[in-house]
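The shown structure was predicted, so the numbers you read here are calculated from the model rather than taken from an experiment. These numbers come from the heavy atoms of this one structure, side chains and all, not from hydrogens, waters or symmetry mates. Labels below follow one simple rule: chain letters A, B, ... track the order of the sequence lines, proteins then strands, and each chain is numbered from 1.
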Amino acid sequence: MGAAVFFGCAGIAFGPALALVLLTVAAEPLRVIVLVAGAFFWLVSLLLASLIWFISVHLSDREDAKLQYGLLIFGAAVSVLLQEAFRFAYFKLLKKADEGLATISEDGRSPISLRQMAYVSGLSFGIISGVFSVINILADSIGPGIVGIHGDSPYYFITSAFLTMALVLLHTFWGVIFFDACEKRRYWCLGLVVASHLLTSGLTFLNPWYEASLIPIFIITLCTGLWAFFTAGGSFHNILKCLSCKQEDDSRVMMYSALQVPFED
Amino acid sequence: MITFMNNSDSEEEPCNERTSLMSAESPSVPSYQDGLQASEAGEAQAHRKRRTGSSRSPNNIADGEMSDSGVPVRESTLENEEEELTLKYGAKHVIMLFVPVTLCMIVVVATIKSVRFYTEKNGQLIYTPFSEDTPSVGQRLLNSVLNTIIMISVIVVMTVFLVLLYKYRCYKFIHGWLILSSLMLLFLFTYIYLGEVLKTYNVAMDYPTLFLVIWNFGAVGMICIHWKGPLQLQQAYLIMISALMALVFIKYLPEWSAWVILGAISIYDLMAVLCPKGPLRMLVETAQERNEPIFPALIYSSAMMWTVGMAKPDTAARGPSQQTWDAAEDGRENHRSPSHGDSQMSETRSPVPTRPITSLEELEEEERGVKLGLGDFIFYSVLVGKAAATASGDWNTTLACFVAILITLKTGKVLEVHAAVYWSPPVKLLICAVHQDLSAFICWISTSYIMVLEQNVK
């Protein structure tokens, strides 16, 4: 049971993330750097949130179970808010980096667009957040043991894996939407992203009742995914074009005429 | 100025900070210069070399800055292209560094988590004589601080010793020391490691087979590291010996002492690099003046150019990592066989690395590579390994540490790009140095904090 569960849950949790990284990020060094830096930003937000929770727990009455539960919810909410705040901070940093890259590049455009950075940063938040959620569970799943022998749900491992997958995808979508909203100063979009993050986090508190938590979370993932797709400029037309693999010949002619006269002339 | 720029129509273009920063990265540039500018270029180069660890990218912008104020601006478009290329290469090189560091950390973490030997406490190095088995927290803290002081002073003494050796041209001594160190690492430590791994997985191996395996491993390793060998094999060996060294440190340094030492090393490195009379700085300057490579081996290089007798005096990187590495080695040996002679006793010191010594290989025809001192590998691996060893069963700390280390590897590069555009080279180098060490320090702090947090939550 051990190895099978381990590989299965790892595949469920990180399959999409791994595919996305291998196909889109691994080849470009700049994107890898954005990925790692994004992971670091998320970690710092987690550090701060844990500090706040830690202090609040130490200042409160340890015996009161309801209070501790309340503090846990409070800690989760603070963590979500801090994550979004750090996403914003990362946006600012990437914006500046984008300008810097554009300045020193030859044709005035930076080698990586802000949209790409939005996607990669969302993915990075998702991966590191997913890893932190599930890696200990995966480590335990190798070893000997029986899940839920004390009356907890026996589906713990697999639901955690699915939840992690949803979380990774959600963070990616939120990243895209968030950056776009910051660019276009659509603050209601920002609010909606934060609200959906809070909602998702709150739903996990329903947890052994997996129908009530997983299904809504997956619905939210789907909706956010569609929203992110349209935000990033996708459309039904694009999908058709992509699926039919049509070549765009005429655009090349346009590009040549848009070339500048060489400097030496 | 006008005489320099003859037929370019851009001769009126102001030689502002940006263009001057962008131009002239090639080593042939100094030939354009008059004597004054040549010496300035030399100084810029020296500054860059001295900057142990900041220049992880091939981005020699700052280096070229001083030297190109007279260069024709018609080169600027070429430079801009090169600039973008170097930026891309810079990112690529940072990634090229990610891979070996990650591999080393994976080896260390995998060993720590599976082989029990490296987490058992079986005594301490003689450089950390104070025990941490004291009842009170205050006493334990005091002991770890005292251990750190002793360790750091040993490091300082060794560094100074090495600098003196180098200054008075005792090359044979240094070479002998290095060869002895790598011999011990490749044979003795590998033997111990293999023994423990075999014990953990309950695999029997007879002595003849063992002898054959260790002999081949060690002999090929010596050849690859000290002479010539396929690049990837050499890289693999360097990663393996760094991992071995890190494992020794993780085993023999008591917990709190290890953390305090790691923190103190970052600070010490900062000071050693910045102080005018710092040993590392003197080493680099001497190497610079003599225009020669110092020590072979013990620098991880990702490019093909690196050979023992290479002409490019990329010496700065070598020295500090070199000495840290040896010291560690000898220290270990000392602990095991206290009957060694005084010379070796004095040579032992902490291998915990002096700061990341990364400098870009300058302008060879082949692809530019990146170098990283082995001390760095060891430092990072000890950090991650200690996190893995201490956080019983919890992977979050290890992962957090890992990400923080990757960030310290890359921030130097980003900072450099920014700094190159806005600040002058000496300031830039200073900032990179400070930032590098601060990042490592922050990484260390956050890891310690996470571990403390975990202890309390449990």
Side-chain angles (χ1 to χ4, degrees), chain A residues 25-44 46-51 53-55 57-58 93-94 96-97 99-112 124 127-140 142-143 262-265, chain B residues 8-10 18 21-22 59 61 74 76-96 98 113 393-396 398-411 413-414 417-418 420-422 439 442-443 445-447 449-450 452-454 456-457:
Chain A
V25 173
E28 291 260 331
L30 273 178
R31 291 184 200 167
V32 176
I33 292 179
V34 172
L35 192 81
V36 177
F40 184 68
F41 269 72
W42 187 89
L43 277 179
V44 176
L46 187 72
L47 194 71
L48 285 177
S50 68
L51 192 64
W53 175 80
F54 189 64
I55 294 177
V57 161
H58 271 254
L93 180 72
L94 284 180
K96 221 182 212 177
E99 285 162 9
L101 286 173
T103 321
I104 59 179
S105 85
E106 187 191 49
D107 51 0
R109 290 183 303 116
S110 82
I112 182 173
S124 70
I127 290 177
I128 191 75
S129 148
V131 163
F132 262 65
S133 319
V134 96
I135 196 85
N136 283 324
I137 298 174
L138 285 179
D140 285 335
I142 303 182
F263 193 76
E264 264 63 26
D265 280 356
Chain B
S8 168
D9 56 342
S10 57
R18 181 162 166 262
L21 277 177
M22 303 289 211
N59 205 345
I61 302 174
R74 69 165 169 261
S76 64
T77 48
L78 186 65
E79 305 307 342
N80 282 347
E81 256 173 38
E82 256 193 52
E83 182 52 46
E84 181 169 331
L85 276 177
T86 55
L87 182 64
K88 282 202 182 127
Y89 274 127
K92 193 166 136 220
H93 288 128
V94 172
I95 306 302
M96 273 168 16
F98 276 4
K113 291 282 187 189
D394 192 4
W395 287 85
N396 289 344
T398 315
L399 280 169
C401 201
F402 169 69
V403 174
I405 284 173
L406 287 186
I407 290 293
T408 66
L409 273 183
K410 93 157 213 14
T411 44
K413 155 80 184 152
V414 173
V417 173
H418 263 272
V421 184
Y422 300 120
S439 318
I442 289 171
C443 159
I445 283 185
S446 35
T447 317
Y449 165 70
I450 292 175
V452 167
L453 195 61
E454 275 176 50
N456 272 317
V457 167

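Once rounded to the nearest 0.5 Å, the distance linking CZ of A/R31 with CD1 of B/I95 reads 12.5 Å. With rounding to the nearest 0.5 Å, the separation of CD1 in A/I128 from CG in B/L399 is 6.0 Å.
For A/L93, the side-chain contact (heavy atoms from CB on, under 4.5 Å) partners are A/F41, A/Y90, not counting sequence neighbours. Under the side-chain contact (heavy atoms from CB on, under 4.5 Å) criterion, A/V44 pairs with A/F40, A/F86, not counting sequence neighbours.
The two residues A/L43 and B/A400 come nearest to each other via the heavy atoms CD1-CA, 3.7 Å. Smallest separation of non-hydrogen atoms from B/V403 and A/V36: CG1-O, 4.1 Å. Nearest approach of A/N136 to B/W395, heavy atoms of both residues: OD1-N, 3.0 Å.
Residue A/L138: no heavy atom, backbone or side chain, is found under 4.5 Å from chain B.
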